[in-house]
Amino acid sequence: MELSKNYIPNEIEAKWYEHWLSKDYFSSKPDGREPYTVVIPPPNVTGVLHMGHCLNNTIQDILVRRARMHGKNACWVPGTDHASIATEAKVVHMLRERGITKSSLSRDEFLQYAWEWKEKYGGIILQQLKKLGCSLDWDRTSFTMDPEYYKAVIEIFVKLYNEGIIYRGLRMVNWDPVSKTALSDEEVIFKEVDSKLYYVSYPLTDGSGSITVATTRPETILGDVAICVNPTDERYTALIGKQVIVPIINRKIPVIADEYVDAEFGTGALKITPAHDKNDNELGRKHNLKALNTLDAEGKFTTEDLSEDNPSAQVLSYTGIDRFVLRKKIVEDISALNQIQKIEEYKGQVGTSERTGAIIESRLSLQWFMDMKKFIGQNPKTIESVETDKIKFHPSKLKNTYSYWMDNIKDWCISRQLWWGQQIPAYFAPDGSFVVAASKEEAFEKFKSQNAKIRIEEIRQDEDCLDTWFSSWLWPMEVFKGISNPGNPDFNYYYPTTTLVTGQDIIFFWVARMIMAGYAFKDQQPFTDVYFTGMVRDAQGRKMSKQLGNSPDLLGLIDNYGADATRFGIMIASPAGNDILFDESSLEQGRNFNNKLWNALKLIKMWEGRQGVSRQSSIVSEPFHDSPLTTHDFAVNWFGNRLNQVKTEVDEMMQQFRLSEALKTIYSLIWDDFCSWYLEWIKPGFEQPIDSAVYQKTLVYFEELMQLLHPFMPFITEEIYHLLQDKKDDLCIKQVVPLQSFDNAVLEAGELLKQVISALRDARNKNQIKPKDPIKLFIQTETETNYRPIENILLKQVNAESIGYTTETVANTIVVAVEKDKFFIKTEKELDTATLKAELIKDLEHQQKFLESVLKKLSNERFVQNAKPEVIALERKKQSDAEARIKTIEESLKNL
RNA sequence: GGGAGCAUAGCUCAGCUGGUUUAGAGCAUCUGCCUUACAAGCAGAGGGUCCGCGGUUCGAACCCGUGUGCUCCCACCA
């Protein structure tokens, strides 16, 4: 068969993915093997694959494929998240483009549109994961709003309500005026913004002057109910208890005192607006002050709470004006009253919505909350498991972050003023009383048991739905129906899951809450290891964003480079636990690696029909440890040991989740050790036959290399595995053999050979001997047996026409010293003795300086007394090596 | 404001229990090669004040202190 010049991934990748699916390799059923369970962090159902997903899912696939090849029953569960806010926003946007407003629709009509949208676009992202090669068990695809899942969420809500952990209350919440919903604290991102500090004076009612306050939010002035100063602030002590007049609305409000106020900030006087600021709200409650709301759900001015003030025409004219427009207007109007003292530039933090980016309003609102202190208090393992590494975090530094958040946890606002999501199972009677129940029928029964006079059709369900994360936190359990059908065989087998791979950015949103849920609902940890990925940034370290346009099109990259190269590129640049700086050049490196593998395949295939009789069949059988007799035996023996050594190293790295390093190690094993050294060593001369035993052994090595690499680059490895020899089985599920030992003496012999070859090539280069010009080589050594078996390799690798042994210096040659052995290169070329001399002198000085430092160490009594014996032995070896080299160089200098 | 982490070659990073020559890798750079698997390649080379200062130790990139510079997380001083 003719193999193409370079590797062409596209068709090959599609072919193998189809094949794997047709063989059902990725679908898992409980059996006697140990399970290896991973649940995908469910992407938004309407999302598209981006670099973050690529990193995350490549890592999961590597772990899962490796487990599958190591005797585990690997199960990787795919699925999507309904992503309440994000999806609803998209649906609203889509409807607007069709000229439909959400407010014109009933809940049911809206949800119908949303489900249509979900059916049409939902799951695109899952198809994209197939392109990447992800070995997910598609039969288990889940969605956080599947009917069973929905029921499970409701069940948990009811349970927690009955336990007094979920409650309903009027609290200050983070309000997103764009999506018009409450948000949890975690969904608020604080950003530094340039704003202004306005100094506004409030006249005292007794005409004795005024108090000036500094505020960043003059638009809330009409909701002011007090001025607060620090009781120890002497500037104001006389004014405490007096009254001032709020500008424009002319409300009379008291001057109060509270330690909370920082006398150093601004003027030391703080205006209190309990309806629009969390701290003001607390102060307001403490001092029994009313909260006067002046902004509606969209952040526009409203006079609803101002009737007692008999609002003037001016005040009424503000109605419906947006908060930021209002800010300017009110500043102008107060300015007209000469009550703006000054305006300063100010850098402040402002909360924004994680989803919409809108500036958050603190707003008093009736919402549903979870009492987190109480909840965690009932399940102390939530915190302990991470602290004691029962659940292991990678990198471990995130343990601190986790513990700190847990120790300072605040109540979780779980209700959202949205329709797309699980509707809160609270049912209201016309009189406003409510019960919490799994269904309207159950709610009716509950009302009846409370002797409420009520008909079922009068019952109204809470309009709001639950925070998306209130369903996501059940994910590792409910994908196996662990809540809706507890104790089922799948759940018993697969849960707790093994490894979770996710972004650091959702440690609180998701990871922490899954751990809580795990202990609270099943009294078990949900997973054993958590691998946190960093963020994918561009080559300059900037976040990827639509505005910057620095977010590459992942599918385009896969088309250009192939999925294997893409996986390689992102993994090679991905140090464990750090952000990754993504650069397309690493994908090129991946593509080049593909070609390297492909060309190695081509070379080996060339030999297939050129096999000669084996001189020695013993080399295909273990062990490698016998003293090698021939050139090819040496190479085969060496690589076999090297392979076992690297397998052992890779195994360790994988256990420590050092995936990037493992890949680098395999890459260098294949490129350097296998291609650059081993294949060159066994390569037969032009049109010469290859020893069939060597050939067979090489096939085995190549297959094992492909197996080692497969989890990282599944497609090309499967392809090569099949092209090497006709196979009935597939690499994808081929089980790896247990680790084998390796012989360090053999490895050292290989290293010495490499070192000698490199040194001789370097000498050739430095003396400008053309690659085609042959040399004559003489070796001066005490251990001729070291070189006898590798003479042929040496000849070929340094283009020597002969090798001889000598006991003394050979005249008119270039001398190369490696360890204690000397090599004399004889060539036709005229030698540039001056340059050679200079080189040697440089080397001599270097060695002498080095010897000096070693001797200094060895003559230090305290070193000899305290250091470990092996360290001292090493120093002595350094000494004798250096002395030998110095002697060699000195002799060579004389020789020139 | 509180906490965590980082600083090693031009870039991205290893360096795990203090001792493996005078600190490694990949990419980039330079030199020579179109050698019959591969120029998307081969063979070589150069490149370092291990952020500064102090300390512990026979011995420090590594441990301790301190300074500087970055990064991240948490926290609504209006």
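In what follows, every chain begins at residue 1, and chains take the letters A, B, ... in the order their sequences are listed.
- Base contact: A:Asn866 has a heavy atom under 4.0 Å from a base atom.
- Among the atoms of the strands shown, only primed sugar atoms or phosphate atoms (P, OP1, OP2) are found under 4.0 Å from some heavy atom of A:Lys397.
- Nearer to the 5' terminus of RNA chain B, by closest-nucleotide assignment, is the contact made by A:Gln848 (compared with the other of A:Gln848 and A:Thr215).
- Using a 4.0 Å heavy-atom criterion, one finds that A:Tyr561 contacts no nucleic acid atom at all.
- When heavy atoms are screened at a 4.0 angstrom cut-off, A:Lys191 is found touching no nucleic acid atom at all.
- If you check distances only, the side chain of A:Glu680 does reach the base of B:A37 with a donor-acceptor pair under 3.5 Å.
- We find that A:Arg764 and A:Asp773 are not joined by a salt bridge, their nearest charged nitrogen and carboxylate oxygen being 4.0 Å or further apart.
- Residue side chain A:Asn595 reaches the base of B:A40 through a donor-acceptor N/O pair under 3.5 Å, judged by distance alone.
- The nearest whole Å value for the distance from the CG atom in A:Leu874 to the P atom in B:U20 is 7 Å.
- Atoms NE2 (A:His394) and P (B:C16) sit 19 Å apart, rounded to a whole Å.
- Rounded to the nearest Å, the gap between the P atom of B:G26 and that of B:A4 is 37 Å.
- Taking atom CD1 on A:Ile793 and atom P on B:A43, their separation rounds to 15 Å, with Å as the unit.
- Side-chain atoms of A:Asn174 and A:Asp185 include a donor-acceptor pair closer than 3.5 Å.
- Between the side chain of A:Arg591 and the base of B:A40, at least one donor-acceptor pair of N or O atoms lies under 3.5 Å.
- If you take CD1 of A:Ile272 and P of B:C77, they are 14 Å apart, rounded to a whole angstrom.
- If you check every strand for non-hydrogen atoms under 4.0 Å, A:Trp671 touches sugar and phosphate atoms only.
- When heavy atoms are screened at a 4.0 angstrom cut-off, A:Asn860 is found touching the sugar-phosphate backbone but no base atom.
- At a threshold of 4.0 Å, the pair A:Glu680-A:Lys683 counts as salt-bridged, since one of the basic side-chain nitrogens sits closer than that to a carboxylate oxygen.
- Comment: A:Asp277 does not engage A:Lys271 in a salt bridge, judged by the lack of any side-chain N to carboxylate O separation of less than 4.0 angstrom.
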